[in-house]
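Before any comments, here is the structure.
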Amino acid sequence: MDLAKEKYGDILVVEKKREEHHLPDLKNVRGKVVMRLAPSPSGPLHLGHSRMLILNDEYVKRYGGDLILRIEDTNPNNIYPQAYEMIQEDVRWLDVNFTKFIIQSERMEIYYGRAKELIEMGKAYICKCKVEDFKKDLIASRACPHRDLPTNLMLEQFEEIVNGEDRDISPVLVIKTDLHHPNPAVRDWIAFRVIETPHPHTGRKYRFYPLMNFSVAIDDHELRLTHVIRGMDHLNNTERQRYIFKYFRWEVPEYFHYGLINIGDAILSTTTMRKGIEAGEFVGWDDVRLATLLALRRRGYQKETFRKYWIDSGLNDVNSDFSWEIFNSMNRQFIDHGADRYFFIHNPVLVKIEGSPESIGKIPLYPNEPDRGFRQYSVESDQEFYLQKLDIKDLKKGETLRLKDLYNIQFNGEQWEYAGNDTSIRRKIIHWVKKDSPEFEVIKPDGTKDHGFIEERGVHTRGILQFERYSFVNKISDSYALYLHK
RNA sequence: GCUCCAGUAGUGUAGCCAGGCCAAGCAUAAGAGGCUCUCAAUCUCUCGACUCGGGUUCAAAUCCCGACUGGAGCACCA
């Protein structure tokens, strides 16, 4: 044994390391890395965001360097003002350490400066075409009438737009790429458009806002990003952004696009969530039906679960489905040991056990560790209990069950009778609560409620616990808990 | 329709770049059993996959081509 260890120790270590470092190495790492998290402040973060948070954080932790949290708020029509704060809290909760915090709306002058440079270089133009005409031209690989106007005129127009002097049609600034590019999505693309909506941060100071492809390209350079990892939905955007890097002769970050993960059975659209909350359909951003980090956290999902799940999913370039099954299983690993056991009877039926003696039920808080203590109840003779309808329906005459850690009962066709305390025979074990136990509710992820009774000793507990034979829950108050998972 | 990306068990992944050690590893689910006075935890076993067809090669999950299938994008969201 020892000999084997001595001889093959190195190999064993290598194997182990491979398991831990599930994520592949990044390409072209020279010293430290600079990476970024770039959410838009349309609402708090959700399950989908947690992936890019964790992945970026993992790499910065592996190589060392900076992780920049950059709020992409260049569309005032899509900003939820509280999100600036909420996002930072979400990120911190996941133990993602960002080292810099940047808000794009504070960087407008930088974008304007770069835009003017591009105009001067002949790589951008002000376009006043109607939307439909512009599209038609692009599809036909045809230059629009504004594309080759003199530089001076363009610069003048740019100033006019920025200063709000130009109110005729809604002009845009367009980046020249290649009108004959085989991919129509990459042909001349729009970098700025006019939005008159006041911005929560800058008010009416600006009206000509950059689109994501422009501000992202500029900032990725200005902040000296070395690696950008993001979803494959950005493949075309990367192509567009490369033009900016090319025109300025900037060094291009290493891009990596991972496959999209389809999270079914979850509400992720911030617009849908916000509307639902405003309409009173959801109680808030932490409504159990939403897949926000806030909601999942409140239900009892652990930050470690998010990290483990996303590391395990890796950077596969294949699109796939999110697996609640696996996610829940991982979460169970983190919570099981800390979760005391209690009885909750839902869909209750009151039954009297005829001929039952006075006894004491002593049930462990956590069966694998008796040291943690017990919940103890004394029951009367002919005691009445709440049992789950599901457990006692469809029973044949003469069948026996065992009330867990108490005694056996037998169905005689009409009523229930005491059936001794013999545990040598295996029979179905069910849980129970005494009559007069407190009422209790569990709110399930679909928003419906399971109503019933909780055992008395469980009433004042809080946090994650397991209702035996029911599920794990996060107990919020004396009267209700949120359903977590089996 | 056009551009691009990809196809490993029910699900999530490892392996592919540098072909052989892959009669394909792990997790989860399912089935059986052990332990247990929970349907949890824990332990053992079982089940189950390289999309298809060609090609290159002594050798293909891995390289090339095609088909099929799935996905992303297609312009003033990010």
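Letters A, B, ... mirror the listed sequences (proteins, then strands); counts begin at 1. These numbers come from a predicted model, not from an experiment.
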- Task: Please name the pair of heavy atoms, one in A:Ala143 and one in A:Asp137, separated by the smallest distance, quoted to 0.1 Å.
- Result: O-OD2, 4.3 Å
- Taking C-beta and beyond as the side chain, do A:Thr238 and A:Arg230 meet within less than 4.5 Å on heavy atoms? yes
Would you call the rings of [X] and [Y] parallel, tilted or perpendicular, taking 30° and 60° as the class edges?
X: A:His221; Y: A:Phe245; result: perpendicular
X: A:Trp285; Y: A:Tyr80; result: perpendicular
X: A:His257; Y: A:Tyr255; result: parallel
X: A:Tyr301; Y: A:Trp324; result: tilted

In whole Å, what separates the [atom1] atom of [N] from that of [M]?
N: B:rU8; M: B:rA14; atom1: C1'; result: 10 Å
N: B:rG15; M: B:rA60; atom1: C1'; result: 13 Å
N: B:rU57; M: B:rC64; atom1: C1'; result: 12 Å
N: B:rC45; M: B:rC35; atom1: C1'; result: 15 Å
N: B:rC4; M: B:rU46; atom1: C1'; result: 43 Å

Counting N and O atoms only, with roles assigned by atom type, does the side chain of [X] sit under 3.5 Å from a partner on the main chain of [Y], one being a donor and the other an acceptor?
X: A:Asn163; Y: A:Glu159; value: yes
X: A:His431; Y: A:Phe344; value: yes
X: A:Arg187; Y: A:His181; value: yes

- Message: One character per nucleotide, please: for nucleotides 39-52 of chain B, 5' to 3', B when the base has a protein heavy atom closer than 4.0 Å, S when only the sugar-phosphate does, - otherwise.
- Response: BBB-----------
Applying a 3.5 Å limit to both distances, which nucleotide forms a Watson-Crick or G-U wobble pair with [N]?
N: B:rU62; result: none
N: B:rU44; result: B:rA32
N: B:rG73; result: B:rC2
N: B:rG7; result: B:rC68
N: B:rG19; result: none
N: B:rA49; result: none
N: B:rC26; result: B:rG12

I want to verify a distance call: between [options], whose nearest atom is closest to the [X] side chain?
X: A:Ala185; options: B:rA78, B:rC74, B:rU28; answer: B:rC74
X: A:Val131; options: B:rU3, B:rA78, B:rC76; answer: B:rC76
X: A:Lys404; options: B:rC77, B:rU3, B:rC37; answer: B:rC37

Under 3.5 Å between N/O atoms: give me all the protein pairs with nucleotides 8-12 of chain B, atom names plus distance.
residue: B:rG10; atom: N2; partner: A:Glu325; partner atom: OE1; Å: 2.6
residue: B:rG12; atom: OP1; partner: A:Asp321; partner atom: N; Å: 2.9

- Task: State whether A:Tyr342 and A:Arg375 meet the cation-pi test: NZ (Lys) or CZ (Arg) under 6.0 Å from the six-membered ring centroid, and within 45° of the perpendicular axis.
- Result: yes
- OP1 or OP2 of B:rC77 less than 4.0 angstrom from a side-chain nitrogen or oxygen of A:Arg193, does that happen here? yes
By the 4.0 Å heavy-atom rule, please label [X] as base, sugar-phosphate, or nothing.
X: A:Ile363; result: nothing
X: A:Thr74; result: sugar-phosphate
X: A:Arg70; result: nothing
X: A:His234; result: base
X: A:Asn75; result: sugar-phosphate

- Item | Residue whose closest nucleotide on RNA chain B lies nearer the 5' end, A:Leu315 versus A:Phe467 | A:Leu315
- Expressed in angstrom and rounded to an integer, what is the separation of A:Arg426 atom CZ from B:rC37 atom C1'? 9 Å
- Message: Within a 6.0 Å radius of atom NZ on A:Lys308, are there more than 12 heavy atoms belonging to other residues, nucleotides or ligands?
- Response: no
